[in-house]
Amino acid sequence: MSQYQAVKGTKDIFPEEVAQWKYVEGIVHTLASLYGFSEIRTPVFEYTELFQRGIGLTTDIVGKEMFSFQPDTKGRSVTLRPEMTAGVMRAALQYNLFSLAPVHKLYYIGELFRKERPQAGRQRQFSQFGAELLGVSSPAAVAEVITLMMQVFESLGLKELKLRINTLGDTEDRVRYREALQSYFVPFYEILDEASRERLEKNPLRILDSKNPVLQELVAGAPRLYDYLNDSSLRDFEKVLFYLAERNIAYDIDHRLVRGLDYYSHTAFEVTSSVLGAQDAIGGGGRYDGLARELGSSSDVPASGFAVGMERLLITMEKQGLLTTINPLRPLVYVVVQQQELVDHALTIAWRLRKAGIRTEIDLVARSMKSQMREANRIRASYALFIGKTEYTTGSYALKNLLTSEQTTLSLEDVLQVLHQPATKERINL
RNA sequence: GUGAUUGUAGCUCAGUUGGUUAGAGCGCCAGGUUGUGGCCCUGGAGGCCGGGGGUUCGAGUCCCCUCAUUCACCCCA
């Protein structure tokens, strides 16, 4: 075991896996732009207050999961971003995007950091892609982001995902519901676990989220937010459901879906994967009309968005056998040197092939010809090009098709021509 | 932060009630063809058995501590 290993909760992504990441990212870029979203890249760290304000002081993320530090001895505390939305909203407000146009549609792919104990599907550094639809307050907007998210899943071929959806109502609804919940739970104070007792004061909605089996019965009997919604909140939610039905997006209404971030209002949703284990949320999001005000905006900037965990997405794809067909690019031709004194000539040939746009590999550690051929086979090159005395003097090179074992002697120009034929470009995997 | 789990070769793992120079498969390197891969055969390199301390004549095996891993809780992607 080497002395140094990657920091707890982080991992290295090696070339084979990078090919898978690029594939998924490609789909995200394509579909996001199909839906009219443009990419934004914000800094990986922000002033700590941004997250405290934006995500909420009562959340676990802000309470105990942030990587915070001070870049300068007397400087302000900064924090590695634990989520994306606050940073995107900050950027939009800072540059006053809404003076240019009332609506902005932004998407992102980026790394996030949360100081949690790692486990299956959870790391301290992880990646999300997501989209934010800023400046519209409507069921159509939420439906828009949900639809985009679901189309990404569909395009990737994911199966057995479950979309759960709920409404949290507007601020007034929640104030009334909050009171109702508190008066329901207070008589059972003795039964509640420590975490729930704390939430009773700060954020009673979160008690509904508890997985504590002891509380299940109690939670099941709690009043439903749904019964406290005013007419316009109800109509809003029903409209969202209508859009989903219209687009053949299956969903389950889950009245207990609350989600951990304080800024949600009205629609909240979450997608889970049945193959993931304990951390089964693959994506989620909702509407957060109050966030901009929370960040000091003088005008309302209603918004909707979603975020999807890249690692969990890839784990799900892996388990569903959706990654086996994605392979990194293999070299097309392997230049084999037959006498060591011809190495320099071979390097020149390799360079010429590469200049001509042909993926070329060549041995750099003076290995035997047998080894070079084994290497060519190992990395699945399609062709071997032999550089020997005969070739050097005649200018004709032996080109061997490694799949069919056919070998022909050609001038370098003819070699280039053969290698440029599209039909010969990819070797079929054996 | 809490609980449990596992640390032996690059990888996956053996290693008997503590007993000589710690093994296998795969991978890697070389050779079997002095100019030709895959399959096969032969050989080789590579381990302070996670680290520290203790018990013992003797520890990979037992005890303690520590570090790390994994899974779960909490919560989330």
Side-chain angles (χ1 to χ4, degrees), chain A residues 1-9 11 55 58-65 81-85 109-130 149 193-196 198-199 203 206 209-213 257-261 270-273 276-285 306-316 334-340 342 365 367-392 397-407 409 427 429-430:
Chain A
M1 195 167 300
S2 71
Q3 190 177 359
Y4 291 106
Q5 40 186 307
V7 173
K8 183 202 289 285
K11 65 173 217 163
I55 303 172
T58 65
T59 60
D60 286 348
I61 292 177
V62 171
K64 58 185 188 188
E65 295 173 2
R81 42 144 99 132
E83 57 99 57
M84 284 284 191
T85 301
I109 303 177
E111 291 72 46
L112 306 179
F113 306 84
R114 263 128 89 159
K115 194 162 56 190
E116 301 183 274
R117 275 284 264 281
Q119 73 184 75
R122 170 192 282 164
Q123 299 164 212
R124 289 185 157 187
Q125 177 181 332
F126 61 102
S127 301
Q128 288 184 347
F129 69 85
M149 177 182 72
D193 53 40
E194 201 182 334
S196 297
E198 211 166 303
R199 285 176 194 150
N203 195 348
R206 298 265 312 281
D209 237 355
S210 173
K211 286 177 193 163
N212 186 343
L257 177 68
V258 174
R259 299 191 57 79
L261 283 57
E270 184 168 286
V271 176
T272 52
S273 160
L276 272 182
Q279 307 305 322
D280 62 353
I282 196 170
F306 75 85
V308 170
M310 283 290 284
E311 287 83 359
R312 291 183 186 177
L313 179 67
L314 285 160
I315 293 168
T316 304
Y334 195 100
V335 175
V336 177
V337 193
Q338 307 196 102
Q339 289 85 20
Q340 280 310 308
L342 292 174
V365 290
R367 283 192 278 186
S368 69
M369 203 165 88
K370 187 192 194 79
S371 296
Q372 294 178 58
M373 285 302 285
R374 282 182 172 162
E375 174 73 358
N377 193 62
R378 192 180 67 78
I379 64 179
R380 305 210 159 162
S382 301
Y383 290 89
L385 184 69
F386 295 98
I387 310 296
K389 283 176 186 150
T390 318
E391 286 82 356
Y392 184 62
Y397 296 87
L399 181 68
K400 181 171 187 173
N401 182 319
L402 291 175
L403 186 59
T404 64
S405 293
E406 286 174 81
Q407 185 167 322
T409 303
R427 172 179 175 175
N429 290 325
L430 297 175

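All values below were derived from every heavy atom in this structure, side-chain atoms included, with hydrogens, water molecules and symmetry-related copies excluded. The chains referred to below are lettered A, B, ... by the order of the sequence lines, with proteins before strands, and numbering in each begins at 1.
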When rounded to the nearest Å, what value does the distance between [atom1] atoms of [N] and [M] take?
N	M	atom1	value
B/A72	B/A14	P	22 Å
B/G38	B/G27	P	12 Å
B/C28	B/U66	P	41 Å
B/G54	B/A59	P	12 Å
B/C62	B/G7	P	11 Å
B/G15	B/G23	P	15 Å
B/U16	B/A77	C1'	47 Å
B/U55	B/C74	P	44 Å

Shortest non-hydrogen pair, A/Gln372 vs A/Val335, comes out as OE1-O, 3.9 Å
A/Pro82 and A/Ile61 have their tightest heavy-atom pair at CB-CG2, 3.6 Å
Sorted by chain and residue number, the side-chain hydrogen bond (donor to acceptor under 3.5 Å, both in side chains) partners of A/Glu270 (sequence neighbours excluded) come out as A/Arg164, A/Arg259
Taken in chain and number order and not counting sequence neighbours, the residues that satisfy side-chain hydrogen bond (donor to acceptor under 3.5 Å, both in side chains) with A/Arg367 are A/Asp363
Taking atom [atom2] of [N] as reference, at what distance in whole Å does atom [atom1] of [X] sit?
X	N	atom1	atom2	value
A/Ile61	B/G1	CD1	C1'	17 Å
A/Leu399	B/G35	CG	C1'	16 Å
A/Asn377	B/G37	CG	C1'	5 Å
A/Arg114	B/G1	CZ	P	18 Å
A/Arg81	B/A77	CZ	P	15 Å
A/Glu270	B/C75	CD	C1'	11 Å
A/Leu402	B/G38	CG	C1'	9 Å
A/Met373	B/G37	CE	P	6 Å

Check salt bridge (charged side-chain N to carboxylate O under 4.0 Å, His left out) between [X] and all other residues, then give those that pass, not counting sequence neighbours.
X	answer
A/Arg124	none
A/Lys11	A/Glu17
A/Arg374	none

Could one point to a donor on the side chain of [X] or the base of [N] with an acceptor on the other under 3.5 Å away?
X	N	answer
A/Thr390	B/G35	yes
A/Glu111	B/A77	no
A/Ser405	B/G38	yes
A/Arg367	B/A30	no
A/Lys370	B/G37	no

By nearest atom, which of the nucleotides [options] is closest to the [X] side chain?
X	options	result
A/Asp60	B/G35, B/C74, B/A77	B/C74
A/Arg122	B/C74, B/G35, B/G37	B/C74
A/Arg378	B/C28, B/G35, B/A77	B/C28

Mate of [N] where both pairing distances stay under 3.5 Å, Watson-Crick or G-U:
N	answer
B/C26	B/G10
B/G37	none
B/C75	none

Note: for A/Gly388 and A/Val271 on RNA chain B, the residue whose nearest nucleotide lies more 5' is A/Gly388
Between A/Lys64 and A/Gly284, the residue closer to the 5' end of RNA chain B by nearest nucleotide is A/Lys64
| request: State whether the side chain of A/Gln128 and the backbone N or O of A/Met84 hold a donor-acceptor pair below 3.5 Å, judged by distance alone. | output: no
* **Aro-ring/base stack A/Phe126-B/A77, d under 5.5 Å, angle under 30°** => yes
TODO: With heavy atoms under 4.0 Å as the rule, sort A/Glu311 into base, sugar-phosphate or nothing.
DONE: nothing
### Task
Indicate, with a heavy-atom threshold strictly under 4.0 Å, whether A/Glu375 touches base, sugar-phosphate, or nothing.
nothing
With sequence neighbours left out, the residues meeting side-chain contact (heavy atoms from CB on, under 4.5 Å) with A/Thr409 are A/Ser396
For A/Phe113, the ring-ring contact (aromatic ring centres under 6.0 Å, His included) test, sequence neighbours excluded, returns none
| task | Using a strict cut-off of less than 4.0 Å between a Lys/Arg side-chain nitrogen and an Asp/Glu carboxylate oxygen, indicate whether A/Arg122 and A/Glu116 qualify as a salt bridge. | result | yes
If you restrict it to nitrogen or oxygen atoms, what contacts under 3.5 Å exist between nucleotides 41-45 of chain B and the protein, and what is each distance?
none

Identify the pairs formed between an N or O of the protein and an N or O of nucleotides 69-72 of chain B at a distance under 3.5 Å, and give each distance.
from, atom 1, to, atom 2, distance (Å)
B/U69, OP2, A/Lys8, NZ, 3.2
B/C71, OP2, A/Ala120, N, 3.0
B/A72, OP1, A/Ala278, N, 3.2
B/A72, OP2, A/Gln119, NE2, 3.1
B/A72, OP2, A/Ala120, N, 3.4

Give the intermediate values and the outcome of side chain to side chain contact (heavy atoms under 4.5 Å, CB included) for residues A/Met369 and A/Val336.
-> CA-CA 7 Å; A/Met369 203 165 88; A/Val336 177; 3.4 Å; yes
